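Worksheet: the structure to be examined is printed underneath.
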Protein chains: 2
Amino acid sequence: MGKPSDLLQGTLEMLVLRTLENGPQHGWAIARRIQQTSGDVLQVQQGSLYPALHRLERMGAVTATWRPSETGRQARFYSLTPAGERRLEKERAQWRRLSAAVDLVIEGAKA
Amino acid sequence: MGKPSDLLQGTLEMLVLRTLENGPQHGWAIARRIQQTSGDVLQVQQGSLYPALHRLERMGAVTATWRPSETGRQARFYSLTPAGERRLEKERAQWRRLSAAVDLVIEGAKA
DNA sequence: TCCCATGCCTCGATTATCTACACATCTTTA
DNA sequence: TAAAGATGTGTAGATAATCGAGGCATGGGA
């Protein structure tokens with residue numbers, strides 16, 4: 001059960017933005033969804049998630065409103081902004097480029 | 001020209017160990033080789049490389065000796081130890097697992 | 001002579017993440 | 001009824017890898 005640290009720094013924001021492409025969600029649901037979608041490989045710590053959400057809000061990539069959740073409790077729902085979508089696209093492209101580059105190095109034939 | 005930070009933290013050690021699978025090399029050559037092998041996408045900063053090399057040496061994953069380089073100058077050649085090989089295998093497996101998980105999340109179908 | 005490539009290294013700052021908490025409500029279980 | 005667990009948001013302090021910028025030294029070419 002690897003933590004999104006280890007080598008995934010900076011990737012958390014991308015994961016969060018990507019999850020919000022499916023529509024507005026509150027923090028707890030975002031964390032759960034990432035874990036599920038990744039086949040239980042990635043788990044997002046609350047101490048990383050909320051600061052990341054606040055960063056994204058400060059930079060205008062997401063907006064947030066208080067609304068009752070499915071269970072009737074008050075929860076903070078985050079939505080992607082156009083700026084957030086653009087940011088996601090950039091980070092996604094960056095990820096593809098860099099992870100492909102790492103693969104080239106580590107999977108390449110010896111000698 | 002992405003920096004191996006951005007999302008590659010912790011990956012540097014793996015890249016270095018992988019490069020040493022091709023035989024002993026000095027720091028400068030390791031950096032150059034990673035850059036070449038990655039198709040000029042990854043570039044290793046000296047301020048990251050040497051601390052990483054020293055960490056790996058302290059933990060016994062590599063050994064180092066001074067020898068003249070191809071150009072005749074004294075250089076510090078690093079070699080993989082058995083412990084380093086084991087570490088590389090673990091990190092390589094970890095990388096595959098986690099990068100595949102990230103791909104699952106970000107490439108998955110919407111909704 | 002001056003510059004550039006080679007080659008090693010350190011220092012301070014940045015920054016995201018982690019662990020571990022605190023707080024609140026609602027539901028389930030003993 | 002009381003305890004426990006799930007839901008849900010958040011902060012505080014510490015950690016640690018990386019970065020940028022610099023220093024130092026040698027050798028070769030212009």
Side-chain angles (χ1 to χ4, degrees), chain A residues 1-17 24-36 42-59 61-62 64-78 91 94-95 98 102, chain B residues 1-17 24-36 42-59 61-62 64-78 91 94-95 98 102:
Chain A
M1 196 69 117
K3 306 157 235 156
S5 74
D6 298 6
L7 50 83
L8 294 178
Q9 303 217 22
T11 309
L12 178 57
E13 284 182 11
M14 175 176 66
L15 260 15
V16 168
L17 292 176
Q25 286 163 80
H26 54 260
W28 196 88
I30 293 172
R32 190 183 40 187
R33 193 172 240 284
I34 290 176
Q35 183 165 344
Q36 288 173 348
L42 269 19
Q43 57 176 343
V44 181
Q45 309 301 327
Q46 303 185 343
S48 309
L49 176 67
Y50 291 108
L53 246 13
H54 299 161
R55 274 199 308 277
L56 289 169
E57 191 179 2
R58 265 202 312 279
M59 62 175 79
V62 302
T65 55
W66 285 98
R67 292 212 318 259
S69 79
E70 318 79 43
T71 68
R73 258 175 273 214
Q74 282 300 107
R76 197 146 170 80
F77 279 77
Y78 291 89
E91 293 190 357
Q94 170 97 325
W95 163 260
L98 294 183
V102 171
Chain B
M1 196 67 118
K3 307 157 232 157
S5 74
D6 298 6
L7 49 82
L8 294 178
Q9 301 217 25
T11 309
L12 178 57
E13 284 181 10
M14 175 177 67
L15 260 15
V16 168
L17 293 175
Q25 286 163 79
H26 55 261
W28 197 89
I30 293 172
R32 189 183 41 186
R33 193 171 239 283
I34 290 176
Q35 182 165 345
Q36 287 174 347
L42 269 18
Q43 57 177 342
V44 180
Q45 309 301 327
Q46 301 189 343
S48 309
L49 177 66
Y50 291 108
L53 246 12
H54 298 160
R55 275 200 307 278
L56 289 169
E57 191 179 2
R58 265 201 311 278
M59 63 175 77
V62 303
T65 55
W66 286 98
R67 292 212 318 260
S69 79
E70 319 78 44
T71 67
R73 260 176 270 213
Q74 283 301 106
R76 197 145 171 80
F77 280 77
Y78 290 89
E91 294 191 356
Q94 169 97 326
W95 163 260
L98 294 183
V102 171

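The structure presented is a predicted model; accordingly, all values stated were derived computationally and were not measured.
Going from atom CG of Leu98(A) over to atom OG1 of Thr11(B) covers 9.5 Å, rounded to the nearest 0.5 Å. Here CD of Gln25(B) is found 9.0 Å from CD of Glu70(B). Values are rounded to the nearest 0.5 Å. Atom CD of Gln45(B) is separated from atom OH of Tyr50(B) by 12.0 Å, given to the nearest 0.5 angstrom. One finds the CD atom of Glu13(B) at 5.5 Å from the CD atom of Glu91(B) (value rounded to the nearest 0.5 Å).
The CG atom of Leu15(B) sits 16 Å away from the P atom of dA17(D) (whole-angstrom rounding). The CG atom of Leu53(B) sits 12 Å away from the C1' atom of dG7(C) (whole-angstrom rounding). If you take CD of Gln46(B) and P of dG12(C), they are 19 Å apart, rounded to a whole angstrom. For the pair Glu57(A) CD and dG10(D) C1', the computed distance is 13 Å after rounding to whole Å. In this structure, Tyr78(B) places its OH atom 8 Å from C1' of dC8(C), rounding to the nearest Å. Distance Glu13(B) CD to dA16(D) P: 13 Å, rounded to the nearest Å. One atom, CD of Gln25(A), and another, P of dT9(D), lie 11 Å apart when rounded to the nearest Å. Distance CD (Gln45(B)) to P (dC19(D)): 5 Å, rounded to an integer number of Å.
Within 4.0 Å of Gln74(B), counting heavy atoms only, lies no atom of the nucleic acid at all.
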Any N/O pairs under 3.5 Å between the protein and nucleotides 3-7 of chain D? List them or say none.
unit_1, atom_1, unit_2, atom_2, d
dT7(D), O2, Arg73(A), NH1, 2.8

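In this structure, the side-chain hydrogen bond (donor to acceptor under 3.5 Å, both in side chains) partners of Glu57(B), at least two apart in sequence or on a different chain, are Arg76(B).
Put simply, His54(B) has no side-chain N or O that comes within less than 4.0 Å of OP1 or OP2 on dC8(C). Side-chain nitrogen and oxygen atoms of Tyr50(B) include none within less than 4.0 Å of the OP1 or OP2 phosphate oxygen of dC9(C). Regarding contacts with the backbone of dG7(C), every side-chain N or O of Arg67(B) stays at 4.0 angstrom or more from both OP1 and OP2.
Ile30(B) is not listed as a side-chain neighbour of Leu15(B), based on a closest heavy-atom distance of 4.5 Å or more. The shortest side-chain heavy-atom distance between Leu53(A) and Val16(A) falls under the 4.5 Å cut-off.
Looking at which nucleotide of DNA chain C each of Ser48(A) and Ser48(B) is closest to, the 5′-most match is held by Ser48(B). Two residues, Leu49(B) and Gly47(A), neighbour DNA chain D, and the one matched to the more 5' nucleotide by heavy-atom proximity is Gly47(A).
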